[in-house]
Structure formats: C-alpha cells, structure tokens
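A short write-up of the structure that comes next.
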Amino acid sequence: MDDNKIPIGSLVGIIVSNENSARPTKRGGGGNRRGGGKGRGQQKQKIEVDYNHYVVDTDDGVAEAYNLNGDYVSTIDDVSKIEQGIADGKLIGYGFFNPISMYRAFIFCHEANYRELFNEINTIFKTSTGSDKEKTEKVIEMVMRAKIQDAIRARLLLNLPSSSTDSYRLINGEGDGLSGMAVDILGGKVAVIMASASWVEMNKEIIMKVVRQVLDSHPIYGADEDSNLDIVWRNTPMRLRQDGYEFPDAPEDEEEVDEDVTPVILTENKIKYYTYPYDLSSQKTGFYCDQRENRYNLAMQCKDKSVLDLCCYNGGFALNAMIHGGAKACIGVDSSQDAVDAATENAKLNNVESEKVQFVRDDIADFMNAASEEGKEFDVIILDPPKLAPTVSSLERATRKYHSLNRDAIKLINPKEGGLLLTCTCSGAMTQKNGGQYFLETVKRAALSAGRRITLLRSSGAAPCHTQCPASFPANAYLTAALFYISPEAEDE
C-alpha cells in the first residue's frame with residue numbers, strides 16, 4: 001500500500017462524522033431539572049475520541065491504521081465501517097494533511113468562513129478538467145489570494161502602512177488563516193515570507209506567485225512600478241523538521257550564496273532603523289515589529305528618567321524612550337555584538353546624542369550584578385529576553401531564569417523614589433499558562449525576593465497586526481509585556 005499512502009502536505013477534504021456514538025446519550029438522573037445540579041445517580045458521559053487515522057486502499061478494500069504519533073498500528077481488512085462513516089459524514093472544508101502532527105490536517109478553507117470559495121472548490125474537484133495536481137494548485141492559489149486580500153484590508157483599517165510606520169506584520173499565521181506562514185513588510189520595500197510548516201515550504205512557488213500578484217495590486221504597493229516590493233523567502237529549519245518536512249540533499253557542486261548585507265531603512269513610530277532582510281543569517285524576518293506599541297507607550301513614561309534597556313537588540317525601546325519620551329539618559333545591553341553595533345548605528349541614524357545613549361555588549365545577568373555592586377540605579381528598566389521556554393517541558397527551568405532576571409532588575413530600580421519595570425516574555429508556554437497569571441506570579445515572587453512591593457499597571461501583548469484567531473485564542477498568544485510600578489525600598493524602623 002506504500003503507493004497509496006497520503007503524502008504529507010496533501011490537500012484533503014475534511015469530513016465530520018455524524019455517528020451518534022460520538023455523542024453522549026445519557027444525562028443521568030436525580031439532578032435538579034431547573035438548576036442542573038448533580039444528583040447521586042448522575043454520571044458524566046465520557047466521549048471517546050478516535051485519534052487514529054486511516055489510509056484506505058479502495059482497490060484492495062483494506063486500510064492501514066496509524067496512531068497519534070503517525071506510527072503504523074495495523075491493517076484493517078473490512079473498511080465498510082470507515083467508508084460508511086465518510087458517506088454519512090459532512091464535508092466542512094479542505095486542508096493540508098500531516099500524519100505526524102497532533103492536528104492531522106490544517107483547515108485551509110472552511111465552509112463556514114468562505115462559503116462561496118468552498119462551493120467553487122467543490123466544483124473544481126468534481127467537474128473541471130485537468131490533473132489532480134493542476135486542480136490542487138488552482139485551489140491553493142484561490143484560497144491564498146482571498147486570505148491575503150483579507151489580511152491587507154485588516155491592516156489598512158489599522159492604518160498600516162502610514163506616514164509614521166512602514167513596517168508591520170501582514171500575515172500572522174493562524175490569525176490570518178494561514179498557520180505556519182508569516183509575512184513582514186519592511187520599509188515599504190521588502191516583503192519577507194517566513195515558512196515554519198511543511199505545507200508552506202512544499203508550496204513555495206505557488207505562494208511566492210500569489211503574494212507577488214496580490215501585492216502588485218495593493219492600493220499602495222501596486223501604485224506604480226517603483227513601489228513594487230521585493231519578496232524574500234525564509235524558513236525555520238528546526239520547526240520544519242518537527243513538522244515532518246524533509247529537506248532535499250544539496251547538490252555537491254552547489255555554489256555558496258554570498259551574504260547580501262544591503263540595508264533597508266524602515267520607519268516605526270517615526271524612528272528609523274537599519275535592517276538587513278536579504279541577509280538570511282539575520283534573526284527571524286529581520287525586525288521585531290510585535291513590540292511597536294509597547295515601545296511607544298512606555299516612552300510616554302520616560303520624561304527626564306534614567307532608562308536601562310536589557311536585551312536591547314536594535315535599540316527599539318531605548319530609542320523610543322529618548323526620541324518620544326525625552327529620557328535623561330539610556331543604556332542598552334545585549335550579549336550580541338551585532339545587536340550592539342546595530343543599535344549604535346540606529347542611534348546615529350536618528351541623530352540621538354551619543355552622550356545620552358550608549359549600547360554595551362554584556363551578559364545581562366553579569367551587567368546587573370556589576371551595576372548593583374557599583375550602586376547604580378535606574379528609574380525605568382526594560383527586560384525583554386529571548387524565548388527562554390520554547391516548549392512546555394522547559395518551563396520549569398525557564399521560570400527560575402525569569403525569576404532571577406526580574407529579581408535583579410527590580411533591585412536596580414531607584415530605591416528612594418521607586419520606578420517602572422516593563423518585563424516581557426515571548427515564550428508561549430509562559431504567556432499561556434494559567435491564562436497569563438503564571439508569568440505575573442513569577443514576577444511577584446521575584447519582587448518578594450528583591451524586597452520590593454510591586455503594582456501591575458498594564459499587561460499587553462503583541463501589536464494588533466499580529467492578529468489572533470478567536471477560535472484558538474489564547475493558544476497562539478506568545479508575548480506578554482507587563483508594566484509594573486516598583487515601590488521605594490522600605491526604610492528601616
């Protein structure tokens with residue numbers, strides 16, 4: 001049956017079973033009819049879910065069963081029940097099959113959301129001419145076009161792009177109905193596509209084609225030939241391998257591609273930054289636009305304040321504090337020399353006085369320990385470390401790290417007047433645990449260790465261009481930016 005197995009990334013129909021056995025049939029007895037209270041005889045009906053999937057060979061009349069992990073379980077000689085379940089079920093949409101994913105198929109087009117498109121897809125598969133491959137490619141183009149156009153309309157309603165900001169997230173994965181795919185617009189000149197799911201990487205050529213066509217018809221980017229955007233494709237190899245994608249072997253005679261360090265100057269909140277989208281060694285899509293509003297909002301509290309920006313990357317928080325907030329002085333710290341150099345160049349690009357802002361390379365824990373020993377203090381501190389908990393299994397270790405970093409940062413807040421701490425986590429496991437309460441409790445415990453009282457002033461997430469799917473929220477929420485007031489040190493009685 002090897003030739004009949006459904007390949008990973010195949011476009012498949014999604015059918016919901018109508019079997020009565022999948023639904024609870026008993027309510028139990030003895031309960032209060034009106035109040036719904038539990039009586040002694042009431043038992044909660046357990047719904048059994050079949051997590052196996054089956055590959056049916058219609059010619060031989062047999063099927064292979066695979067478990068939740070995608071491993072072969074058994075061969076089923078009688079497929080009549082499976083076929084009857086399909087016949088009795090309801091086709092609700094089309095999606096991309098992945099036998100090793102917890103979700104067997106990513107729903108690409110759901111009847112409830114795109115009814116006309118769904119009906120058109122049905123017509124294509126039932127009546128149109130052409131090979132299955134040609135039909136599939138046509139469907140992918142249709143759905144991609146509809147969803148990208150939706151995403152563009154949503155950003156235009158967010159006033160993106162604008163005269164003050166020309167860089168933002170155009171496609172945010174599942175938030176825009178395209179799980180595993182992100183598109184960032186940088187400087188109004190480049191669209192960077194990031195692939196982190198097998199179906200995206202496998203349909204690279206089609207996706208590039210549709211993105212180009214839609215952007216060329218964009219009311220702003222398609223205005224004339226000079227305004228058309230370059231398109232850059234990137235991927236995350238580790239995420240793709242986890243998703244079951246197998247990279248082809250590179251030809252032995254393949255020439256190495258030289259790094260392209262051509263800079264693109266982008267604008268966010270009227271502040272300019274160098275970014276290098278053509279350099280495939282740079283981080284993510286080249287710029288973190290998820291903190292756009294958090295950077296600006298914090299700047300409004302920085303008037304005449306001393307500011308410490310920990311894990312400063314390209315200097316976003318520091319520059320906003322100086323330019324929009326009128327901070328007295330600012331120090332940015334990062335362990336990467338590339339980040340420190342970029343932040344320094346960005347300060348020069350915006351004509352920020354070097355006497356008022358400086359960027360240094362150091363481990364932030366070492367920097368805070370040294371600053372504490374030297375008796376340094378700050379009015380406002382930003383703590384925005386990289387992802388410390390990439391998975392739920394690493395949460396315990398990451399919690400200890402978040403605790404120590406926040407404790408040491410709190411100790412550096414002005415001991416006489418108090419101050420502000422904006423502490424962030426970009427780890428979905430941390431943000432989502434206990435509805436977001438877990439991270440706040442971690443900071444609270446850090447404050448107790450530091451001997452300072454704290455008050456939560458605001459908790460926010462990513463900028464609104466990082467859209468969320470209401471059906472899966474908060475499962476895809478990853479960023480928490482919590483602003484705390486840190487009290488002065490208690491005076492000894």
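- Between A447 and I454, the closest heavy-atom pair is CB-CG2, 3.4 Å.
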Would you tabulate the side-chain donor-acceptor contacts of residues 185-200 under 3.5 Å, counting partners in other chains and residues two or more places apart, or write 'none'?
unit_1	atom_1	unit_2	atom_2	d
S196	OG	G180	O	3.3
S198	OG	D243	O	3.0
S198	OG	D243	OD2	3.2
S198	OG	Y245	N	3.3
W199	NE1	S179	O	2.8

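- Applying the salt bridge (charged side-chain N to carboxylate O under 4.0 Å, His left out) criterion to K401, with sequence neighbours excluded, gives no partner residue.
- The CD1 atom of I231 lies 11.5 Å from the CD1 atom of I207; values are rounded to the nearest 0.5 Å.
- Take H218 and apply the ring-ring contact (aromatic ring centres under 6.0 Å, His included) test, not counting sequence neighbours, and it matches Y221.
- Minimum heavy-atom separation, A429 to A389: CB-O, 4.0 Å.
- Residues satisfying the salt bridge (charged side-chain N to carboxylate O under 4.0 Å, His left out) criterion with R212, sequence neighbours excluded, are D216.
- Between the side chain of T425 and the backbone N or O of S427 there is at least one donor-acceptor pair closer than 3.5 Å.
- Residues forming a side chain to side chain contact (heavy atoms under 4.5 Å, CB included) with N314 (at least two apart in sequence, or on another chain): Y273, F287, N346.
- Counting only distance, with no hydrogens or angles, the side chain of S372 and the backbone of M368 share no donor-acceptor pair below 3.5 Å.
- When side chains are defined from C-beta on, C289 counts as touching H466, because their heavy atoms get closer than 4.5 Å.
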Using atom types as modelled, flag every donor-acceptor pair under 3.5 Å from a side chain in residues 322-332 to any protein atom, sequence neighbours excluded.
unit_1	atom_1	unit_2	atom_2	d
H324	NE2	N269	O	2.5

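- Applying the side chain to side chain contact (heavy atoms under 4.5 Å, CB included) test to P263 and every residue at least two apart in sequence or in another chain returns Y274, Y276.
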Worksheet item: After noting the C-alpha distance and the side-chain angles of C469 and E174, does the key distance pass the side chain to side chain contact (heavy atoms under 4.5 Å, CB included) rule?
Response: CA-CA 6 Å; C469 173; E174 190 166 343; 4.1 Å; yes
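- In this view, I413 and I381, R452, I486 satisfy the side chain to side chain contact (heavy atoms under 4.5 Å, CB included) rule, not counting sequence neighbours.
- The residues D184 and R234 are annotated as not salt-bridged, no charged nitrogen and carboxylate oxygen being separated by less than 4.0 angstrom.
- Between I410 and L412, the closest side-chain pair of non-hydrogen atoms is not below 4.5 Å.
- With hydrogens and angles ignored, the 3.5 Å screen pairs no side-chain donor or acceptor of N406 with any backbone N or O of A446.
- When all heavy atoms of G95 and I14 are compared, the closest pair comes out as N-CG1, 3.9 Å.
- Contact check for Y296 versus T165: no side-chain heavy atoms found under the 4.5 Å cut-off.
- More than 12 heavy-atom neighbours from other residues, nucleotides or ligands sit within 6.0 angstrom of CD on Q337.
- Using a 4.5 Å heavy-atom cutoff, the side chains of L483 and L298 are in contact.
- Distance alone, capped at 3.5 Å, places no donor-acceptor pair between the Q149 side chain and the V214 backbone.
- Side-chain atoms of R155 come within 3.5 Å of backbone atoms of R169 as a donor-acceptor pair (strictly under, hydrogens ignored).
- When each of F97, F96, Y94 is tested with F108 by the rule ring pair (Phe, Tyr, Trp, His ring centres under 6.0 Å), just one qualifies, namely F96.
- Within the structure, side chain to side chain donor-acceptor pair (under 3.5 Å) pairs that include any residue of residues 409-422 comprise D379-N414 (at least two apart or interchain).
- The closest side-chain heavy-atom distance from F247 to L240 is below 4.5 Å.
- Here E345 pairs with K348 under the salt bridge (charged side-chain N to carboxylate O under 4.0 Å, His left out) rule; sequence neighbours left out.
- By the 4.5 Å heavy-atom criterion applied to side chains, V211 and I171 are not counted as neighbours.
- Of all non-hydrogen atoms in V307 and C302, the two that sit nearest each other are CG2-SG, 4.1 Å.
- The closest side-chain heavy-atom distance from Q301 to L457 is not below 4.5 Å.
- Closest approach of A318 to D309, counting heavy atoms only: N-OD2, 3.2 Å.
- We find that K147 and D150 are not joined by a salt bridge, their nearest charged nitrogen and carboxylate oxygen being 4.0 Å or further apart.
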Discussion item. For I364 and D366: C-alpha separation, side-chain torsions, deciding distance, then whether side chain to side chain contact (heavy atoms under 4.5 Å, CB included) applies.
Written reply: CA-CA 5 Å; I364 62 169; D366 294 342; over 6 Å; no
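- Distance CZ/R145 to CD1/I140: 12.5 Å, rounded to 0.5 Å.
- Using a distance-only test at 3.5 Å, with no hydrogens or angles considered, a donor-acceptor pair links the side chain of R361 to the main chain of S335.
- Formation of a donor-acceptor pair under 3.5 Å by the N434 side chain with backbone atoms of Q437 is not found in this model.
- Other residues, nucleotides and ligands contribute only 12 or fewer heavy atoms inside 6.0 Å of the CZ atom of R453.
- Scored by the salt bridge (charged side-chain N to carboxylate O under 4.0 Å, His left out) test, D341 finds no partners at all (sequence neighbours excluded).
- The distance from atom CD1 of I206 to atom NZ of K204, rounded to the nearest 0.5 Å, is 13.0 Å.
- Pairs of residues two or more places apart, or lying in two chains, that qualify as ring-ring contact (aromatic ring centres under 6.0 Å, His included) and include a residue from residues 350-405 are Y402-F439.
- In this structure, the separation between CG on L156 and OG on S162 is 11.0 Å, given to the nearest 0.5 Å.
- Looking at heavy atoms from C-beta onward, N172 lies out of side-chain contact with C465 at the 4.5 angstrom threshold.
- We find that K209 and E205 are not joined by a salt bridge, their nearest charged nitrogen and carboxylate oxygen being 4.0 Å or further apart.
- Closest heavy-atom contact between P277 and V264: CG-CG2, 3.8 Å.
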Practice prompt. In sequence, state the C-alpha distance, the side-chain angles, and the governing distance for L395 and Y438, and then conclude on side chain to side chain contact (heavy atoms under 4.5 Å, CB included).
Written response: CA-CA 11 Å; L395 190 57; Y438 185 79; 4.2 Å; yes
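- For the atom pair CG of L266 and CG of D166, the computed distance is 6.0 Å after rounding to the nearest 0.5 Å.
- Once rounded to the nearest 0.5 Å, the distance linking CG of D384 with CG of L422 reads 7.5 Å.
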Worksheet entry | Verdict with supporting geometry, N294 and L479, side chain to side chain contact (heavy atoms under 4.5 Å, CB included) | CA-CA 11 Å; N294 296 326; L479 177 64; 4.2 Å; yes
